[in-house]
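Below, chain A is the first sequence line, B the second, and so on; all start at residue 1.
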Amino acid sequence: MAENEGKKSTNFIRAIIDDDLKTGKYGGRVHTRFPPEPNGYLHIGHAKSICLNFGLAIDYNGLCNLRFDDTNPTKEEDEYVNSIIEDVKWLGFDWQDRLFYASDYFDKMYEYAEQLIKKGKAYVCDLSADQIKEYRGTLTEPGKNSPYRERSVEENLDLFRRMRNGEFKDGEKVLRAKIDMSSPNLNMRDPVIYRILHASHHRAGDKWCIYPMYDFAHCLEDSIEGITHSICTLEFEDHRPLYDWFLDELEIYHPQQIEFAPLNLSYTVLSKRKLLQLVQEDIVAGWDDPRMPTVSGLRRRGYTPQSIRIFCDKIGVAKRDSMVDVALLEHCIREDLNYTVPRYMAVLDPVKVVIENYPEDKTEMLKAVNNPEDPSAGTREIPFCREIYIERDDFREDPPRKYHRLYPGNEVRLRYGYYVTCTGFKKDPETGQITEIICKYDPATKGGDSPDGRKVKGTIHWVSARHAIDAEVRLYDRLFKTPNPLENRDIDFKENLNPDSLIVLKSCKLEPNLADVKPGQRMQFERKGYFCVDPDSTTSNLIFNRTVPLKDSWAKLEKAEKQKAQKSKDEKNKKDSGLISFKDFSKIDLRVGVIKEAELVKGADKLLKLMVDVGEDRLRQIFAGIRKAYPEPEKLIGKSVVVVANLEPRKMSFGVSEAMVLAGSGKDNLSIVTFDSDIEPGSKVS
RNA sequence: UGGGGCGUAGCUCAAUUGGCUAGAGCACAAGCCUUUGGAGCUUGGUGUUGAUGGUUCAAUUCCAUCCGCCCCAGCCA
């Protein structure tokens with residue numbers, strides 16, 4: 001794959017494979033597999049695994065199988081296998097003739113189970129599910145042996161065969177591996193390997209009423225297929241000893257299991273159970289709702305397989321828990337589409353503009369480039385006339401700072417059109433909404449260049465009102481409003497849904513060149529974002545989905561300005577309230593000071609001059625307005641007081657005051673705060 | 001208080017297996033450029049490599065201790 005060339009990504013799994021290749025562990029083979037359970041749709045987390053497994057096979061000249069791990073008939077359906085096949089194919093991977101099903105190995109697995117029994121390594125257990133749980137012990141206490149653990153090989157064989165023959169009801173008996181009930185690894189405490197399930201299987205039908213458990217089945221599937229590196233997610237790390245145990249006891253081909261961290265994506269959930277819930281509770285329109293992180297959702301949203309592959313390459317593979325920023329996914333699709341899709345003009349929230357000096361009955365065709373990044377994409381023609389639509393947000397009656405779009409008196413460029421200057425506007429007196437904007441145009445600026453070299457700061461898109469076609473546009477945004485919707489376990493993750501994740505715009509105006517688009521087609525609407533045609537779209541009812549908006553530095557700037565305004569408002573409110581925050585308070589340096597000198601200030605009738613020891617190598621000079629309370633200042637000498645020591649020095653006509661003494665004042669009296677105990681001058685007051 | 005894992009810029013990953021100033025993408029900020037406030041170009045930065053000790057001429061890398069986070073008690077996968 002092209003994007004895998006160049007600087008090749010490296011990770012711990014590749015290191016392991018490199019090493020195995022060097023030592024000839026598997027005779028130089030690399031054979032991986034992607035083993036989904038067909039009980040749900042694939043999502044971007046699976047895409048990571050798919051890209052990893054198939055990517056490894058491609059890069060190492062090996063093979064990768066697609067295998068359905070369908071060992072639980074109660075949860076699996078053909079609908080899911082079909083969607084999975086479609087999705088893996090769509091992502092661009094090819095398993096050739098190696099499409100497998102665990103259920104194809106049921107006979108073989110059954111044989112292996114009997115082998116285990118014959119070897120005395122498995123037994124039929126009659127304990128109920130609850131009892132098994134009880135006997136298992138806990139994380140810190142060992143379990144105890146089942147009373148059925150020592151049945152004879154003959155009895156086990158007989159019972160197991162009768163299980164297969166349907167002589168028992170669901171849950172009545174299970175086959176268990178005989179390992180170690182006191183193992184610190186709970187998976188090794190005689191795990192169940194076969195259970196009775198009278199359910200018909202999506203492929204095997206009613207042939208079986210016993211089905212193997214994951215731990216038993218999976219290693220066998222890998223072994224049967226000759227897998228070399230069985231790559232799975234971290235939660236199976238604890239299962240590896242069991243994986244190894246089965247293969248060792250059976251003495252059959254032994255692949256190695258390697259675990260990596262599953263993908264977490266900000267502002268989304270990636271758990272089949274939670275995604276199922278969103279579908280079943282009609283919170284989204286289905287598995288392929290464009291807001292879903294499913295492969296089918298991303299496809300309908302307009303993502304390309306290539307962008308997803310690049311994303312999976314960029315996020316890397318490691319063992320630590322991580323949360324990838326969804327901004328990276330968005331970056332990947334923008335980057336891909338920027339170079340590959342054509343531009344069109346579409347006005348999503350239209351307001352009419354009348355160009356007063358443009359002839360009433362004239363129409364002319366203007367040339368527009370299809371993709372500035374790709375000259376080979378050519379040009380097209382767009383009709384222009386006296387009446388056009390522009391984006392409501394591209395006009396302001398009172399423009400904010402740095403706004404360089406249309407406003408009364410301002411000149412802007414109509415993309416590929418003319419320079420126009422706003423000369424007036426009409427407003428609905430009731431609602432205050434702008435109903436029409438009046439402009440004049442400069443005929444010399446056709447195509448968007450002015451012969452006199454004058455510049456305009458803004459370029460806006462437009463659509464001819466007489467030629468525009470109507471369409472519905474669906475604006476999609478992140479499904480959740482919080483970076484990690486599952487962070488707080490006490491809150492239902494659905495509380496974190498983004499109420500604005502879908503906004504439907506009904507009367508959008510599009511340039512006529514878009515009349516014949518087909519579902520799945522991708523394009524950029526200039527200045528707005530990347531869009532694609534929804535599968536529900538028809539010629540008479542066009543529907544576009546927004547894949548991702550363009551980066552909008554104006555929106556960012558505007559938001560920042562608003563936040564700035566809000567912040568200064570908050571600060572003002574804080575000041576007005578007279579409260580300081582704990583943080584501010586901690587900055588105040590209150591110290592114990594001892595008054596060493598005190599005298600009246602000549603020429604002032606309220607002030608005393610104090611010289612105070614605050615633990616420094618010199619005394620501080622403080623002017624305090626406390627003369628009324630202390631007419632005989634010498635009595636203050638030797639007193640301990642509380643001093644605010646980190647005030648800016650204040651210049652007064654008598655000298656500089658270098659601190660402040662805390663005092664309390666009532667209606668007619670005033671006194672300073674003093675101490676009696678002998679605390680060292682300079683001590684912190686807390 | 002059992003077992004298994006994992007800690008490197010804000011985020012995701014690297015670091016030639018003990019060696020030069022710990023790198024890259026995303027995100028962020030500034031500047032340039034621009035007929036998309038897109039794209040592009042230039043620049044910028046923060047890292048006590050979870051912490052503390054130890055071995056060594058040299059530690060992200062080896063050892064020890066500690067701290068923090070994740071997973072495991074389905075007859076789900």
Taking atom P of B:C26 as reference, at what distance in whole Å does atom CG of A:Asp325 sit? 12 Å
Between A:Arg195 (CZ) and B:A77 (P), how many Å, whole number? 4 Å
Salt bridge check: are A:Arg151 and A:Asp126 linked by an N-O gap of less than 4.0 Å? yes
Ranking B:U12, B:U1, B:A27 by distance to the side chain of A:Ile315, first place goes to B:U12
A:Leu486 CG to B:C70 C1', straight-line distance once rounded to whole Å: 14 Å
Can you find a donor-acceptor N/O pair under 3.5 angstrom joining the side chain of A:Asp238 to the base of B:G3? yes
Watson-Crick or G-U counterpart of B:G40, or none if no pair lies under 3.5 Å: B:C32
Residue met sooner reading RNA chain B from 5', once A:Met323 and A:Lys528 are mapped to nucleotides: A:Met323
Is there a side-chain polar atom (N or O) of A:Thr74 under 4.0 Å from OP1 or OP2 of B:C76? no
Length of the CD1-C1' vector between A:Ile310 and B:C26, whole Å: 14 Å
For B:G18, the nucleotide meeting Watson-Crick or G-U wobble distances (both under 3.5 Å) is none
Please check if any side-chain donor atom of A:Ser183 sits under 3.5 Å from a side-chain acceptor atom of A:Asn185, or the reverse. no
Salt bridge or not for A:Arg67 and A:Glu225, using N-O below 4.0 Å? yes
Carboxylate-amine/guanidinium proximity below 4.0 Å for A:Glu221 and A:Arg33: no
Who pairs with B:C62 - Watson-Crick or G-U, where each distance is under 3.5 Å: B:G54
Charged N to carboxylate O under 4.0 angstrom, A:Glu391 versus A:Arg527? no
So does A:Lys556 get a side-chain nitrogen or oxygen closer than 4.0 Å to the phosphate oxygens (OP1/OP2) of B:C28? yes
Go ahead and name the base partner of B:A9; Watson-Crick or wobble counts if both distances stay under 3.5 Å, otherwise write none. none
Take A:Asp126 and A:Phe12, find for each the nucleotide of RNA chain B with the closest heavy atom, and name the residue whose nucleotide sits nearer the 5' end. A:Phe12
Starting at atom CG of A:Asn264, determine the distance to atom P of B:C26, rounded to an integer number of angstrom. 22 Å
Give A:Pro36 one of three labels, base, sugar-phosphate or nothing, depending on what nucleic acid heavy atoms sit under 4.0 Å from its own. nothing
I want to check one thing: is the phosphate of B:G37, taken as OP1 and OP2, less than 4.0 Å away from some side-chain N or O of A:Arg527? yes
Heavy atoms from C-beta onward define the side chain here; which of B:A77, B:G37, B:C13 lies closest to that of A:Ser322? B:C13
Could you identify the nucleotide paired to B:G45, looking across every strand shown and requiring Watson-Crick or G-U wobble geometry with both distances under 3.5 Å? none
Nucleotide of B:C72, B:U12, B:G37 approaching A:Leu139 most closely (side-chain heavy atoms): B:C72
